[in-house]
*Asks:* 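Mind looking over this structure? Questions follow.
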Amino acid sequence: MQKDIDQLKKLRFFRKFDDSIAEQIINSSEIKEFRVKEVIFEEYQELSELYILKEGRVILGINIPKKGRINLNTIHPGQIFSWSALFPPFISTAYAMATEPVKVLAIKSADLSQMVEENKSFGYTFMRVIGRTLSQRLADTRFQLVNTISM
Amino acid sequence: MAEVPNIYKPFPARLEKVIPESPLIKTFVLSPEKEFSFKTGQFIELTLDGIGEAPFTPSSSPLVKDTLEVTVMKAGYVTEKIHQLEPGEVLGIRGPYGRGYPIEEFYGKEVLILGGGCGFAPLRSLLYNLIADKEKLQGITLCYGSKTPDDCIYKPYISELRNTEKVKVLRTVDQGDESWTETVGVVTVLLEQIIVDVEQTVVVVCGPPIMMKFATIRLMELGFGEKDIYLSLEKNMSCGLGKCGHCQMGNYLVCKDGPVFRFDEVKEIPDLWN
């Protein structure tokens, strides 16, 4: 178990959490693998797991009528995706596709929600990490929007 | 009576070669009539007889004195005419003007370079200079963003950089395609992939104003100091001599006091990013 905890804490997302939290997360998670070009989830799909990328590379994108899939953002090891699994209505806002052989840590969002409810200190830190991630994604999306408008 | 030298008079430079970089960007290799020196980050005025002139920052090494490279994006009347030039034709050059990068202040540090679109042009000149001095630096990281893979410029030079010791290169495009295997997203997403000691790093940013604005905000969020962020600003430079006032920005004349500024020098200027 300690080996798993140490591995987990190498991921940037978990650096702020202590070993007991890491252990709980490991108990609520599994490693999933995806092949190149395999769709991990589609846009508007109900999600029940938060993914943390361990290996490989994932692209996030949206489908545009008459244009097809448009890739908008790349996820690198240590970053999270499928955050929609944490907040109602739990519906993905983008599709995710592996562009390299991918390994993710898939954490059951129901278990995470329970941990947040039961351990407020963890909950606060966890939501700060999620908040920072979403805030950066929002800023990047604004940047992308302004870029597109000014083309 | 002694003749008064005309400070606006350009001297001739022969166009030796035209290198297409992207659908809208070309690099022009020039042989100036006389040896030409500039400091990386300084700019020149390029003149086409009967057409007009426009400011450009050389994209070549400041250590090379017999040729000069200028990378030009087709964006208006003068640049469109420059794009139509063929090798053998003669252009005019005057300059160099302004304040370039204070390379000596980078010694002993990591240099993080953020470039967007044609903003890579002055940064390539800077990279040539930094790589020549790389023993005096901790390392160099280039984060470069363009709109699409086709818009990425200096592709052979990027390959060369990737094989250069102490240099790390990350690229991103706003919109990827099937062939693109690097990052997709705006240039600020690349900052998530790098680990640098902000206390020991200087950052150089050059690109479209929108890119420089968002990049500077993100760098501040990451803890970089205002005095460690260098911006290369383009503000409608015209005379290049600080006389016409076209490029006035707050108390500064960009053509004379810039185009390279530290962020702390210009952060209070209301129309900084306009």
Side-chain angles (χ1 to χ4, degrees), chain A residues 10-13 15 36-37 39 52-53 55-64 67-81 83 93-102 128-151, chain B residues 22-24 73-75 114-119 143-151 168 170-196 205 207-223 234 273-274:
Chain A
K10 280 185 188 161
L11 297 173
R12 184 168 34 186
F13 187 78
R15 278 187 204 143
V36 176
K37 297 212 170 166
V39 174
I52 295 158
L53 186 61
E55 289 174 29
R57 212 186 298 219
V58 170
I59 197 91
L60 301 180
I62 54 172
N63 290 291
I64 306 275
K67 281 199 167 181
R69 291 189 188 277
I70 302 287
N71 298 335
L72 292 174
N73 193 207
T74 307
I75 301 295
H76 294 271
Q79 291 184 308
I80 67 157
F81 62 109
W83 58 265
T93 57
Y95 66 79
M97 187 170 68
T99 56
E100 290 174 6
V102 153
R128 274 184 65 125
V129 174
I130 293 288
R132 186 173 181 276
T133 305
L134 296 188
S135 145
Q136 287 191 350
R137 296 253 174 100
L138 178 63
D140 291 338
T141 306
R142 282 183 178 151
F143 180 5
Q144 217 156 0
L145 175 68
V146 176
N147 239 350
T148 308
I149 291 169
S150 66
M151 269 172 96
Chain B
S22 78
L24 288 177
M73 182 164 78
K74 193 160 59 172
L114 292 182
C118 202
C143 296
Y144 173 60
S146 59
K147 289 198 189 315
T148 69
D150 279 348
D151 295 319
K168 188 176 177 187
L170 298 171
R171 282 194 306 181
T172 185
V173 293
D174 290 357
Q175 284 180 17
D177 60 20
E178 289 289 307
S179 67
W180 185 253
T181 56
E182 297 177 54
T183 299
V184 176
V186 285
V187 72
T188 46
V189 302
L190 296 175
L191 294 171
E192 289 293 303
Q193 296 171 49
I194 56 167
I195 299 167
V196 289
V205 186
I210 292 162
M211 173 262 172
M212 292 211 286
K213 175 182 174 175
F214 279 90
T216 305
I217 292 168
R218 179 63 58 83
L219 289 165
M220 298 292 289
E221 285 171 2
L222 292 171
E234 286 175 27
W273 308 113
N274 292 342

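In what follows, every chain begins at residue 1, and chains take the letters A, B, ... in the order their sequences are listed.
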*Asks:* Sort out for me which residue in I75(A), I70(A), I59(A) forms a side chain to side chain contact (heavy atoms under 4.5 Å, CB included) with V184(B).
*Replies:*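 Passing option: I59(A).
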*Asks:* Would you compute the distance between atom CG of D174(B) and atom CG of N71(A) and round it to the nearest 0.5 angstrom?
*Replies:*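 One finds 12.5 Å between CG of D174(B) and CG of N71(A).
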*Asks:* In chain order, what residues pass the side-chain contact (heavy atoms from CB on, under 4.5 Å) check against Q144(A), with sequence neighbours excluded?
*Replies:*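 side-chain contact (heavy atoms from CB on, under 4.5 Å) check on Q144(A) returns L72(A), V186(B).
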*Asks:* In terms of heavy-atom proximity below 4.5 Å to chain B, should R69(A) be classed as side chain, backbone, both, or neither?
*Replies:*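 No part of it gets close to chain B.
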*Asks:* Hey, what do you get for CD (Q136(A)) to CG (L222(B)), rounding to the nearest 0.5 Å?
*Replies:*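 Rounded to the nearest 0.5 Å, the CD-CG separation comes to 6.5 Å.
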*Asks:* What are the residues of residues 209-221 of chain B, in order of number, with any heavy atom under 4.5 angstrom from a heavy atom of chain A?
*Replies:*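 The stretch touches chain A at I210(B), M211(B), F214(B), R218(B).
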*Asks:* Checking V173(B) against chain A: side chain, backbone, both or neither under 4.5 Å from a heavy atom?
*Replies:*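 It is neither, since no heavy atom gets under 4.5 Å.
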*Asks:* Under a 4.5 Å cut-off applied to non-hydrogen side-chain atoms, are T172(B) and T74(A) in contact?
*Replies:*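 When only atoms from C-beta onward are counted, T74(A) and T172(B) do not touch, as no gap falls below 4.5 Å.
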*Asks:* Does a side-chain heavy-atom distance below 4.5 Å link H76(A) with T183(B)?
*Replies:*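 Yes, their side chains come closer than 4.5 Å.
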